[in-house]
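Read the structure below first, then the notes.
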Amino acid sequence: MPEREEELIRSRRDKLQRIREKGIDPYPTRFPRTHTTRLAAELLLNLEASDGEGGRTSAVSVAGRVITSRIMGKAAFLDLRDGVGKIQLHLRRDVLGDDYDLVRDLDLGDFLGVHGPVFRTRTGEATIEVEQLTILSKSMHPLPEKWHGLRDVEQRYRQRYADLISNPEVAQVFVQRSQIINSIRGFLNRRGFVEVDTPVLVPIAAGAFAKPFVTHHHTLDEQLYLRIATELYLKRLIVGGFDKVYELGKVFRNEGMDQDHNPEFTTLESYEAYADYNDVMQMVEEMVSTAALETLGSCQVQFGEETIDLTPPWKRLSLRDEILKRGNIDIEEYNTAASLEARARELGLEVRAEGSWGRLVDKLLSLLVEPQLMQPTFMVDYPDEMSPLAKPKAGMPGYAERFEAYAAGMEFANAYTELNDPDLQRERLLGQEEMRRLYQDDEVERLDEDFLVSLGLGMPPTGGLGVGIDRLVMLLTGQTSIRDVLLFPQMRSLK
RNA sequence: GGCCCGCUAGCUCAACUGGCAGAGCAACGGACUCUUAAUCCGUAGGUUCUCGGUUCGACCCCGAGGCGGGUCACCA
């Protein structure tokens, strides 16, 4: 540690020592609060409403962290912050007597419990006249600076606790995140969905195209993976007789990181028996607009320059039409990997040479269409080659009953009518295995034999949904980076 | 992974063309009983991300590396 920082800490240690020498425990076990900072200020407002200005409330007990101090000899003003707000403290020698000496052993960052009446200062600020002062926790490390706060992006992510202390508005996003998730739970629960937990440690990482994290169980001496999706377990539950299930939880994908990818992220997956993807579409627009209304009070959300209107119904666009319209490529005309790739290159698009046709279509979608989709939009009817778990669309050979939801140029949901024909499902998954061999693509769907066994018992027609919760939170809170909706985004370890 | 940008005191930031590394806040000592970016006087504090090079002299130029951000690639 640099010498200078040691000095700052030494000064705090000296104070700690002095406090202990006075027989005071700088880390006591509890402090009974009667009021939060906010309630204490409201108490004064209520008093003033009934008795007029200039009064003092009965004594309150409030606790929090000292965030600023203005010491003037025999009196001092401190600002105390708790989880809901802050309130000013007034400390006077003629009120506190010798206890006032403690002021010189206080630092910014310490936790205090105070007891005393609330009054209003000449400048109009609700203030506690401290009659009793209790140190609740001594802070040993200096806080970031009070005007600018902690700005360094790296340190804000690595030391989120310091970020939250220094930039209290950051907490607001995470409060909203909690409210959004609560709203979604409430929405699904009201509709009769049952929330379940399925394994995170799995013998086969299936249900999505992604590289898994690999781990090992010692007692079983087996290689296990962290799940990349919850899909196949939830469908097993539909087979088992649950009509409506959902899971909110973390999944893990061993891939790149950027503004909208973190290696671990939260998904919602839901499955509803006897529903199809049209029903799911309706549910998604209702669920998302309800979450916006319940947490923001409006279906209009600000995202950068754009105002995004989440009021249903959302636009529905066909994947083939959009790629044709925006990219001048008809995926039906170029129906092989080679011809599609040639066509894309002809139009000056950078596409990977060794991709399957389905992967190329996906590439074109994210290149040509996705960035344009600011307003909430359902992209419908995906080629079944890129949707091995989805049911073929009736009357539209080669296509699956699948949609993805987009907004703010970002995909945030994916859904389909689930494939429940066990023979066709096996065929599809074998096709994926073939694809893996052909393209050395280790991100294709894996064959989960037990899942096929469950389908063999019979699965009702089912509408399934996956939502990227972090991206949905980004959308609703106007954050452009996933790191700003994750309290502890993944960071490289410091050596 | 490619390219661009950043990394200087605990925090926020300066430092000319390569010429003594500075300020504010925080800290420390002192004054101060209605301040709120409190004020006033004084003090201390640096591995300029790391390593190497060029140079009389490097925060600055060159090379390698680290971490972060952006972008492209990758990626449901």
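These figures come from a predicted structure and were not determined experimentally. Just so it is clear, the values below take in all heavy atoms, side chains as well, and ignore hydrogens, waters and symmetry mates. Residue numbers start from 1 in every chain, and the chains themselves are labelled A, B, ... in the order their sequence lines are given, proteins ahead of strands.
- Across all strands shown, Tyr416(A) has heavy atoms under 4.0 Å from base atoms, whether or not it also approaches the sugar-phosphate.
- Within a 6.0 Å sphere centred on CZ of Arg326(A), heavy atoms belonging to other residues, nucleotides or ligands number more than 12.
- For Asp107(A), whose side chain is taken as the heavy atoms from C-beta onward, the closest listed nucleotide among rG69(B), rC28(B), rC34(B) is rC28(B).
- In this structure, Asn254(A) atom CG and rC74(B) atom C1' are separated by 13 Å, rounded to whole Å.
- Using a 4.0 Å heavy-atom criterion, one finds that Leu143(A) contacts no nucleic acid atom at all.
- Remark: Lys146(A) is not in phosphate contact with rC11(B), judged by side-chain N or O atoms under 4.0 Å from OP1 or OP2.
- No donor-acceptor contact under 3.5 Å links the side chain of Asp362(A) to the base of rA76(B).
- When all heavy atoms of Pro383(A) and Ile331(A) are compared, the closest pair comes out as CG-CD1, 4.0 Å.
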Which pairs, protein N/O on one side and nucleotides 12-14 of chain B N/O on the other, fall under 3.5 Å?
from: rU12(B); atom 1: OP1; to: Arg151(A); atom 2: N; distance (Å): 3.0
from: rU12(B); atom 1: OP1; to: Asp152(A); atom 2: N; distance (Å): 3.0

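- Of all nucleotides listed (rA37(B), rA44(B), rA26(B)), rA37(B) comes nearest to the side chain of Trp147(A).
- Considering only side-chain atoms of Arg122(A), the nucleotide from rC34(B), rG29(B), rG24(B) that sits closest is rC34(B).
- Between Ser139(A) and Arg12(A), the side chains place a donor N or O and an acceptor N or O closer than 3.5 Å (distance only, hydrogens not considered).
- Residue-level contact check: Ser11(A) touches the backbone only, with heavy atoms under 4.0 Å from sugar-phosphate atoms and none from bases.
- The shortest distance between the side-chain N/O atoms of Arg359(A) and the OP1/OP2 oxygens of rC75(B) is below 4.0 Å.
- OP1 or OP2 of rG68(B) has at least one side-chain nitrogen or oxygen of Arg158(A) nearer than 4.0 Å.
- Nucleotides rC13(B) and rU17(B) place their P atoms 22 Å apart, quoted to the nearest Å.
- Partners of Glu264(A) by salt bridge (charged side-chain N to carboxylate O under 4.0 Å, His left out), not counting sequence neighbours, listed by chain and number: Lys250(A).
- Annotation: cation-pi pair Arg177(A)/Phe174(A) absent, no NZ/CZ under 6.0 Å from the ring centroid and within 45° of its normal.
- As the counterpart of rC3(B), rG70(B) is assigned, both hydrogen-bonding distances of the Watson-Crick or G-U wobble pattern falling under 3.5 Å.
- For Arg104(A), the side-chain atoms get nearest to rG29(B) when compared with the rest of rG29(B), rG68(B), rC25(B).
- Residue Met257(A) is out of contact with every strand shown, counting any heavy-atom pair closer than 4.0 Å.
- The structure places OG1 of Thr266(A) at 6.0 Å from CD1 of Ile181(A), a figure rounded to the nearest 0.5 Å.
- Residue Arg483(A) places at least one side-chain N or O closer than 4.0 Å to OP1 or OP2 of rG70(B).
- Contact annotation: Arg492(A) does not reach the phosphate of rG66(B) (side-chain N/O to OP1 or OP2, under 4.0 Å).
- Among Asp105(A), Leu16(A), Leu102(A), the one residue that satisfies the side chain to side chain contact (heavy atoms under 4.5 Å, CB included) test with Ile135(A) is Leu102(A).
- Ring geometry for Phe77(A) versus His90(A): interplanar angle under 30°, hence parallel rather than tilted (30 to 60°).
- Here rC75(B) presents its P atom at 8 Å from CD of Glu255(A), a figure rounded to the nearest Å.
- At a non-hydrogen distance threshold of 4.0 Å, Phe77(A), Gln88(A), Arg92(A), Asp94(A) from residues 77-101 of chain A come into contact with RNA chain B.
- Counting only N and O atoms by type, the side chains of Arg402(A) and Asn414(A) include a donor and acceptor under 3.5 Å apart.
- Among the heavy atoms of the strands, none lies under 4.0 Å from Arg12(A).
- For Lys363(A), a side-chain nitrogen or oxygen approaches OP1 or OP2 of rC74(B) to under 4.0 Å.
- Cation-pi contact between Arg56(A) and Phe119(A): present, with separation from the ring centre below 6.0 Å and deviation from the ring axis of at most 45°.
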